[in-house]
Participant: 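Let me begin by handing over the structure; questions about it come next.
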Amino acid sequence: MATRYWTNGAGTGVVSTASNWSPSGAPSAGDTLIFASSTSGASSSDAVVGGDYSSLGLMTEIRVGQDFVKSFGSSSSYVIIQGTTVILESGGDVYLDVESSTSTAKVIVNHTPFSPDAVHIRGDIHELRCLDSSGDISIEATTGSSTSSGNTEVDTLYVFNNLQGKVTTETNVSSMDTIYMDGGTLENSCAATTVNVYGGNFTQESTGAITTLSIYGQDTTAFLSGSGTVTNLNLYDGRSTFKNNGSDGITITNCTQYGGVLDLQQSLRNITFTNNIDARAGTLLPPLASTISVAY
């Protein structure tokens with residue numbers, strides 16, 4: 001097991017080339033790979049060429065540092081690699097397809113560039129943390145990694161962002177057990193079991209179903225603009241807005257309002273509440289020209 005620094009000494013941009021690393025040697029299972037300036041320096045062309053590097057084995061850590069400003073893969077060729085911990089702090093665009101066989105594996109996006117199209121992530125990910133990013137982070141469904149669903153799998157997603165960066169998920173991203181959000185913007189199209197929103201702007205799009213959606217933060221906005229389902233909607237604070245729902249509308253089975261604002265006025269299509277809205281506190285804004293029955 002070794003710590004290897006990317007130099008692109010051979011000028012090929014290929015991860016598996018031994019002379020592109022310091023100390024020289026092709027990466028192997030258990031190594032730590034650091035893509036950043038090293039004591040040996042880097043060539044003028046230090047970008048990483050995309051390709052399938054999964055045969056190199058499971059890396060202990062892969063770190064793309066802040067001073068790595070070249071591209072890491074491309075839109076036509078993702079870097080496919082195995083890593084237990086992946087830390088992305090890159091100043092350049094990243095196209096990563098990561099796979100790990102461990103239940104504790106995580107990908108941490110700590111900084112992204114000021115770009116509308118900065119980080120693209122695919123693969124088999126146990127835990128994804130998006131922290132203080134100013135660019136866009138795209139979680140894409142198509143993957144070259146071997147997953148049980150055949151699509152990208154993310155078990156737990158954290159979006160803790162004070163820089164107002166945006167995270168998006170595609171419809172077929174699967175295994176999303178829990179989403180925790182506190183700041184920034186999340187445009188979610190995939191299904192999720194539990195979504196806890198403490199801050200920021202959350203949008204549920206497409207047909208993705210949510211089992212339990214809880215809105216806690218005072219400075220929180222949730223837009224339900226898709227045509228899927230929410231089994232349990234719990235509003236403690238903030239604002240939940242239904243607007244421009246899909247052609248089939250959205251279905252809420254149970255809705256409990258403990259506070260905040262439940263805004264139904266902006267919807268242009270159908271909203272179905274299977275059971276009565278349990279409004280215990282806060283403000284309920286019904287659809288215009290609607291009729292409400294109040295029970296005590």
Side-chain angles (χ1 to χ4, degrees), residues 1-28 30-54 56-100 105-123 125 127-140 144-145 160-161 163 165-167:
M1 295 183 288
T3 298
R4 303 188 185 279
Y5 292 85
W6 177 256
T7 64
N8 197 28
T12 63
V14 177
V15 172
S16 55
T17 300
S19 55
N20 281 335
W21 295 95
S22 177
S24 181
S28 59
D31 283 359
T32 294
L33 307 183
I34 299 178
F35 296 85
S37 297
S38 66
T39 55
S40 60
S43 69
S44 59
S45 177
D46 55 4
V48 175
V49 174
D52 189 349
Y53 303 110
S54 57
L56 298 175
L58 178 63
M59 305 299 153
T60 297
E61 181 178 319
I62 301 168
R63 181 184 292 267
V64 183
Q66 293 183 33
D67 54 354
F68 188 86
V69 295
K70 299 291 185 176
S71 59
F72 189 84
S74 67
S75 59
S76 60
S77 183
Y78 282 61
V79 175
I80 304 175
I81 197 166
Q82 296 186 62
T84 299
T85 300
V86 179
I87 301 173
L88 303 178
E89 299 176 324
S90 173
D93 291 346
V94 172
Y95 297 86
L96 174 67
D97 194 332
V98 63
E99 180 176 4
S100 181
K106 60 176 65 70
V107 175
I108 302 170
V109 184
N110 199 26
H111 291 282
T112 60
F114 292 91
S115 167
D117 197 29
V119 177
H120 302 259
I121 299 176
R122 303 172 173 180
I125 304 170
E127 181 180 297
L128 174 58
R129 294 177 176 263
C130 302
L131 313 175
D132 285 346
S133 298
S134 55
D136 292 351
I137 302 170
S138 301
I139 306 171
E140 301 172 345
S145 299
F160 293 173
N161 198 343
L163 300 180
K166 183 174 71 174
V167 179

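We're numbering straight along the sequence, starting at 1. Side chains included, hydrogens not; waters and symmetry mates left out as well; all remaining heavy atoms used.
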Participant: Contact between N161 and C130 at the side-chain level, heavy atoms closer than 4.5 Å - yes or no?
Facilitator: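 Counting from C-beta outward, N161 and C130 never come under 4.5 Å.
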Participant: Rounded at 0.5 Å granularity, tell me how far OG in S16 sits from CG in L56.
Facilitator: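 Here the interatomic distance stands at 6.0 Å.
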Participant: Are the side chain of Q82 and the backbone of S54 linked by a donor-acceptor contact shorter than 3.5 Å?
Facilitator: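 Checked: pair present.
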Participant: Are E140 and Y78 packed together at the side-chain level, in the sense that at least one heavy-atom pair is separated by less than 4.5 angstrom?
Facilitator: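 Heavy-atom side-chain distance check passes, below 4.5 Å.
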Participant: Any chance you could measure D67, atom CG, to S90, atom OG, to the nearest 0.5 Å?
Facilitator: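 The distance works out to 9.0 Å.
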Participant: Can you name the nearest heavy-atom pair linking S19 to T7, along with the distance?
Facilitator: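 That would be O-OG1, 4.0 Å.
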Participant: What heavy-atom pair brings N20 and V14 nearest, and what distance separates the two atoms?
Facilitator: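 Answer, listing the atom of N20 first, then V14: ND2-O, 2.9 Å.
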Participant: Hey, what's the ring geometry for Y95 with H120, parallel, tilted or perpendicular (30° and 60° as the breaks)?
Facilitator: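 Geometry flag for H120 against Y95: parallel rings.
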Participant: Distance from T84 atom OG1 to L58 atom CG, nearest 0.5 Å?
Facilitator: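 Nearest 0.5 Å value for the OG1-CG distance: 3.5 Å.
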Participant: Check whether any side-chain heavy atom of V79 lies under 4.5 Å from a side-chain heavy atom of Y53, and answer yes or no.
Facilitator: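 A side-chain contact exists here, since the closest heavy-atom pair is under 4.5 Å.
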Participant: So, the side chain of S133 versus the backbone of L131: is there a donor-acceptor pair under 3.5 Å, distance only?
Facilitator: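 Checked: pair present.
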Participant: Hey, could you give me each pair passing salt bridge (Lys or Arg N to Asp or Glu O under 4.0 Å) that has a residue in residues 3-12? Not counting sequence neighbours.
Facilitator: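 Listed once each, the pairs are R4-D31.
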Participant: Just verifying a value: how many Å separate F72 CZ and I62 CD1, rounded to the nearest 0.5 Å?
Facilitator: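 Interatomic distance, F72 CZ to I62 CD1, rounded to 0.5 Å: 6.5 Å.
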Participant: Can you tell me how far the OG1 atom of T32 sits from the CE atom of M1, to the nearest 0.5 Å?
Facilitator: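 Going from the OG1 atom of T32 to the CE atom of M1 covers 9.0 Å.
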Participant: Decide yes or no on side chain to side chain donor-acceptor pair (under 3.5 Å) for D93 and S71, but give the supporting numbers first.
Facilitator: CA-CA 5 Å; D93 291 346; S71 59; over 6 Å; no
Participant: Which heavy atom in S100 sits nearest to a heavy atom in G83, and how many Å separate them?
Facilitator: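 Heavy atoms only, the tightest pair is CB-O, 3.3 Å.
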Participant: Using modelled atom types only, decide if a donor and an acceptor are shared between the side chain of T85 and the backbone of K106 within a distance under 3.5 Å.
Facilitator: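 No, the answer is negative, given that no donor and acceptor are paired below the 3.5 Å cut-off.
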Participant: If the test is side-chain contact (heavy atoms from CB on, under 4.5 Å), which one of E89, R63, R129 qualifies with N110?
Facilitator: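 Of all the options given, the one that passes is E89.
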Participant: Using every non-hydrogen atom in the two residues, find where A18 and S24 come nearest and quote the distance to one decimal.
Facilitator: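 Closest approach of A18 to S24: O-OG, 3.4 Å.
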Participant: With respect to V98, which candidate in L128, L88, V86 satisfies the side-chain contact (heavy atoms from CB on, under 4.5 Å) definition?
Facilitator: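 Of all the options given, the one that passes is V86.
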Participant: Of all the heavy-atom pairs spanning T3 and P23, show the shortest one and how long it is.
Facilitator: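 Answer, listing the atom of T3 first, then P23: O-CD, 3.5 Å.
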Participant: With side chains defined as the heavy atoms from C-beta onward, is the minimum distance between L96 and V119 less than 4.5 Å?
Facilitator: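 They are not in side-chain contact.
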Participant: Specify the closest pair of heavy atoms between S145 and G123, including all atoms of both residues, with the distance to one decimal.
Facilitator: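 The pair with the smallest heavy-atom distance is OG-CA, 4.0 Å.
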Participant: About how many Å separate CD1 of I34 and CH2 of W21, when rounded to the nearest 0.5 Å?
Facilitator: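 One finds 9.0 Å between CH2 of W21 and CD1 of I34.
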Participant: With V109 as reference, evaluate V94, D132, I137 under the side-chain contact (heavy atoms from CB on, under 4.5 Å) test and give the passing residue.
Facilitator: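 It is I137, the one option of V94, D132, I137 that forms the side-chain contact (heavy atoms from CB on, under 4.5 Å) with V109.
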